[in-house]
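Report on one structure; see the data block that follows.
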Amino acid sequence: MTHETLLTAREGAVATVTLNRPDKLNALNLTLVRELGEAIAALEADASVQVLILTGAGEKAFAAGADIAAMAAMSTSEAKGFADLGHAVGARMEAARFPIIAAVNGFALGGGCEIALACDFIYASEKARFGQPEVSLGVIPGFGGTQRLARRVGIGRARELCFTGAIIGAEEARSIGLVNSVVPHGELLGKVAEVARLIASRGPVAVAQCKRVLARGADVTLQVANELEAQAFASLFGTRDQREGMEAFLNKRPAAFTGQ
Ligand code: COA
């Protein structure tokens, strides 16, 4: 599938999608957000994909936000449609069978930060910058930023970032739990690919259930979440991957998972 605003690549079970409007710092226009949703749906349909890396083209940005030039002319109903599209893509990312790792190589502002937050976790280059600067444009985050940021870093930090529009560096983002790891700029994609390959070497059905339970469990009571976990745990027994993983351990050999 070819895209106007994305690049896609594959290495074994690891797919990479690159947001590709570098002359506009990968700003998220309608086409890009729509294409991102379509690309994730296409990867979901391909059972051989086990991890997705999401990054930005060029040296400066993951994505410097929703496209301000496009938003400047939006009516209220167009803005609602744009926000709904962004939310649908975020929901699709969270519901995807495979983990999605954000490799944040530069600015992740506004919608860029929100797309990174919809990924399962974030690795950042030391040049990365994060923020929700929408209030400086007279609006607020519209792709889930207020909610996902609060769930990721806590409500106090989320309030401070959203109210001030402050832009923070990679190390500060790591210190508040927004970013898992900060990596030298030139090593970012290599390091993220290493983590992706490690995940892809594990039992795919188990990883998918882990992702599902972690995502769903975040929005329900601990009791309900623990029940979801117990059901998912039980559902894995009888899968080929469970038999293979345990037999391989007991026979002191590496497991050869088939995703079944
Ligand atoms: N929407 C549309 N275009 C954007 C954009 C955005 N969010 N962010 C950057 N661009 C465009 C610029 O207009 C410029 O285009 P031009 O060359 O045609 O003039 C190009 O990308 C390069 O950006 P520039 O501002 O020249 O780069 P910089 O290094 O001087 O500054 C930023 C980088 C990120 C600090 C600055 O671009 C910025 O503040 N962007 C907006 C961030 C924001 O508010 N995002 C939230 C949106 S809701």
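Whatever order the structure lists them in is the order used to number ligands and atoms, beginning at 1. Position 1 is the first residue of the sequence, and the numbers go up from there.
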For a quick check under 3.5 Å, do [X] and [Y] share a side-chain donor-acceptor pair by atom type?
X	Y	result
His3	Glu38	no
Thr239	Asp241	no
Gln231	Glu227	yes

Residues Thr16, Arg10; criterion side-chain hydrogen bond (donor to acceptor under 3.5 Å, both in side chains); working and verdict: CA-CA 6 Å; Thr16 300; Arg10 268 298 285 279; over 6 Å; no

Any protein heavy-atom neighbour for [atom] (distance below 4.0 angstrom)?
atom	value
atom 13 (O) of ligand 1	no
atom 25 (O) of ligand 1	no
atom 29 (O) of ligand 1	yes
atom 38 (C) of ligand 1	no

Does Gly111 come within less than 4.0 Å of ligand 1, judged by its heavy atoms? no

Show me which atoms of ligand 1 lie under 4.0 Å from any heavy atom of [X].
X	result
Pro133	43 (C), 44 (O), 45 (N), 46 (C)
Lys60	27 (O), 28 (P), 29 (O)
Met71	48 (S)
Asp23	20 (C), 21 (O)

Could you check which of [options] puts a non-hydrogen atom nearest to [atom]?
atom	options	result
atom 48 (S) of ligand 1	Lys24, Arg129, Gln132, Glu134	Glu134
atom 47 (C) of ligand 1	Leu137, Val139, Asn29, Leu109	Leu137
atom 8 (N) of ligand 1	Cys113, Ala64, Ala27	Ala64

Looking at residues at least two apart in the chain, or sitting in another chain, which of them share a ring-ring contact (aromatic ring centres under 6.0 Å, His included) with Phe233? Phe237

Could you work out, with side chain to side chain donor-acceptor pair (under 3.5 Å) as the rule, every residue matching Thr5, not counting sequence neighbours? Glu35

Do me a favour and list the nearest non-hydrogen protein atom to atom 1 (N) of ligand 1 with residue, atom name and distance? Ile68 N, 2.9 Å

min-distance protein heavy atom vs atom 36 (C) of ligand 1 -> Leu25 CD1, 4.6 Å

Between Phe143 and Phe82, is the ring centre distance below 6.0 Å? yes

Could you tell me whether Glu247 and Arg240 have a side-chain N and a carboxylate O separated by less than 4.0 Å? no

With a 4.5 Å heavy-atom cut-off, do Cys119 and Ile101 have their side chains touching? no

Looking only at N/O atoms, are Phe107 and ligand 1 under 3.5 Å apart anywhere? no

Apply salt bridge (Lys or Arg N to Asp or Glu O under 4.0 Å) to the pair Glu244 and Arg253, showing each step before the final yes or no. CA-CA 10 Å; Glu244 168 61 15; Arg253 62 168 173 81; 2.7 Å; yes

